[in-house]
**Q** 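Dropping a structure here in structure tokens format, bear with me for questions.
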Amino acid sequence: MTTKILLAISGLIGLGELARFLSFQPDPLPPEQYDLGAADQYPPGSHSVISEARAILLHSPDGFSALSLVCPHLGCTLKQDQDGYACPCHGSKFDANGNLKNGPANKPMRALQVETTPNNRLILHTET
Amino acid sequence: MKLATVISSAVLLLALVASWIIQDRQLKPVALTPTLTGQVEYCLTCHTDLSQISTSHPVETFGCVRCHGGERLALNADLAHSTMRGGANPSDLAVVEASCGGSDCHSGAAGNYRDHIQRVQTSLQTTYAGAIAQILYTFGAQADLKPRYGIQAVEAREKTDPNTPDALLAFDPSKLRSPGILEFAENCLTCHLHTESLPGSQTYRFTGCAACHSPTTGGDPEQIVHRLTTAIPYTQCNACHNRGNYDLRSMTFQTRSDAPTDRLHDYYQPIAQFTRCEYTLDCVDCHTRQEAMGDGNIYSKKKDIQYIQCKTCHGTLTELPKTTTITDPNDLALRQAFLNPVIDLKVGDTILVTDKGEPLWNIRPLSDGTYEMFGKASGQRFTFRSVKGTACQQKVDQQESRYCHECHAVQR
């Protein structure tokens with residue numbers, strides 16, 4: 001009788017550990033799409049920083065576009081300044097359109113795709 | 001038989017309970033996915049209290065593993081640290097290429113000013129080539145003073161001086177029998193960037209890049225120093241310089257006997273002469289990156305690489321100091337000023353420049369004919385005049401500091 005009780009408890013604990021093992025969730029990968037909400041939230045001429053996507057959404061007369069705020073040099077987050085964007089880590093600068101003004105970066109800011117859904121919501125794609 | 005079954009069941013139950021408890025007590029990992037690597041790492045689970053090493057190396061961008069190595073997913077300290085590069089100092093020259101190298105980091109092209117590691121490997125502070133050549137010559141192991149050996153074998157990079165060697169072999173005293181050379185090897189090879197510092201807080205420094213860029217002197221050697229800077233105070237240079245001398249008779253290092261507590265007396269050894277600016281400023285205010293870190297040529301004497309003179313800033317009776325106006329937004333001066341923003345420098349500004357064209361980015365002429373300098377370590381603003389137009393009695397061909405000391409040396 002004792003043996004049966006001990007084995008039964010062991011079995012339950014074992015099942016518990018197995019369940020814990022199987023339910024392990026690895027750290028999620030960063031998303032590659034961001035739902036930015038209704039397009040009319042972003043008036044013409046607006047420059048909206050999308051912090052979670054490390055990107056900036058631009059609404060120009062040509063429509064919506066976006067630039068990655070990840071510096072093409074080593075990946076620091078670019079900051080907006082009066083002339084465009086600047087890297088707080090190494091000093092690279094970019095104009096308001098993301099074109100390189102000075103290094104150490106040697107590439108312009110990466111353009112991101114902005115999709116407008118049929119119900120007029122904006123989806124930002126950050127995948128490379 | 002029944003008793004054995006009961007005991008086995010009990011042991012199994014205990015093992016499962018113990019396993020559950022151990023699992024439950026494990027640290028909850030703090031995950032960080034640095035932009036640069038894109039790979040999750042758990043180092044911050046334990047190291048949340050470490051300050052950011054510099055504004056150029058934010059942890060969100062670099063993480064820890066890119067520079068330090070280590071097992072990024074381990075939660076056990078021994079396992080996590082087991083594959084770290086250079087212990088706590090990834091800039092040790094044995095591992096610096098893996099830690100700090102890369103074309104966008106510190107072993108890129110000279111034209112992009114990214115060849116720090118290559119230049120340092122050839123620098124006198126690393127090779128110790130002159131001292132080794134001097135000793136080998138003195139004890140008859142070579143016929144002249146030409147440098148042939150360094151602490152490590154090294155090749156010149158982008159060699160511009162035809163009078164310097166193309167390469168050095170690694171100095172290996174085990175193949176030599178001269179007692180003098182062996183004593184030198186045992187006692188006198190503690191200055192170069194490969195070795196640990198001499199004992200004592202005044203000589204405490206790291207190896208490799210951190211010897212200069214992670215100021216430690218006067219601090220507690222047991223304390224972790226997690227800092228990289230180009231604002232290097234003279235005290236850091238003095239971890240090696242001005243702390244004493246090697247006695248070539250006894251082949252031992254003799255520390256200076258005074259114990260100064262103020263800057264005036266601490267800066268140079270008691271026998272030295274110097275001017276006010278030479279002890280008020282920090283070493284890096286005058287001496288350039290090429291002088292300190294090498295220019296790719298393999299030199300044998302400090303005099304071969306050290307070229308800044310008083311006239312570099314003060315000019316002569318006939319010439320004003322050299323200046324240059326910054327026209328290129330990629331100018332090295334702007335990059336250096338960005339890393340150590342003691343001065344607000346921009347395109348169009350005029351700064352002083354050395355005879356070799358290195359920017360003295362912290363010094364610029366003023367409209368009234370004087371000059372202003374910002375201390376790289378102190379941030380202090382100094383103003384000074386040029387020699388031209390003064391009653392200075394210097395001879396144009398006598399520009400070494402010892403000539404200036406004749407009139408301008410500080411009394412102490």
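Chain A is the first sequence line, chain B the second, and so forth, proteins listed ahead of strands; every chain is numbered from 1.
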**Q** What part of B/Tyr113 gets within 4.5 angstrom of chain A, counting heavy atoms only: side chain, backbone, both, or neither?
**A** neither
**Q** Quick check on the interface: out of B/Glu60, B/Arg114, B/His57, who has the most heavy-atom pairs with chain A under 4.5 Å?
**A**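 Sorted descending by pairs with chain A, the first entry is B/Arg114.
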**Q** Could you look at A/Lys93 and say if it's the side chain, the backbone, both or neither that has a heavy atom under 4.5 Å from chain B?
**A** neither
**Q** For residues B/Leu12 and A/Leu7, determine if any side-chain heavy atom of one lies less than 4.5 Å from a side-chain heavy atom of the other.
**A**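 They are in contact (side-chain heavy atoms under 4.5 Å apart), so the answer is yes.
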**Q** Residue by residue, which of residues 63-87 of chain A have a heavy atom closer than 4.5 Å to a heavy atom belonging to chain B?
**A** A/Val70, A/His73, A/Leu74, A/Gly75, A/Cys76, A/Cys87
**Q** Could you tell me which portion of B/Asp104 (side chain, backbone, both or neither) has an atom closer than 4.5 angstrom to a non-hydrogen atom of chain A?
**A** both
**Q** Which members of residues 102-123 of chain A, sorted by number, sit under 4.5 angstrom from chain B on a heavy-atom basis?
**A** A/Asn102, A/Gly103, A/Pro104
**Q** For the pair B/Ser56 (side chain) and A/Cys89 (backbone), establish whether a donor and an acceptor sit closer than 3.5 Å, ignoring hydrogens and angles.
**A**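 Yes; at least one donor-acceptor contact below 3.5 Å.
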**Q** So how far is it from A/Arg54 CZ to B/Thr35 OG1, rounded to the nearest 0.5 Å?
**A**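 Those atoms lie 3.5 Å apart.
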**Q** Considering non-hydrogen atoms only, spot the tightest contact between A/His90 and B/Phe338 and give its length.
**A** C-CE2, 3.3 Å
**Q** Donor-acceptor pairs are to be reported for all side-chain atoms of residues 37-52 of chain A against protein atoms at under 3.5 Å, with residues two or more places apart or in another chain.
**A**
| residue | atom | partner | partner atom | Å |
| --- | --- | --- | --- | --- |
| A/Gln41 | NE2 | A/Ala38 | O | 3.4 |
| A/Tyr42 | OH | A/Leu36 | O | 2.7 |
| A/Ser46 | OG | A/Pro43 | O | 2.7 |

**Q** Which residues, numbered in order, of residues 342-351 of chain B come under 4.5 angstrom of chain A by heavy-atom distance?
**A**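 From residues 342-351 of chain B, none sit under 4.5 Å of chain A.
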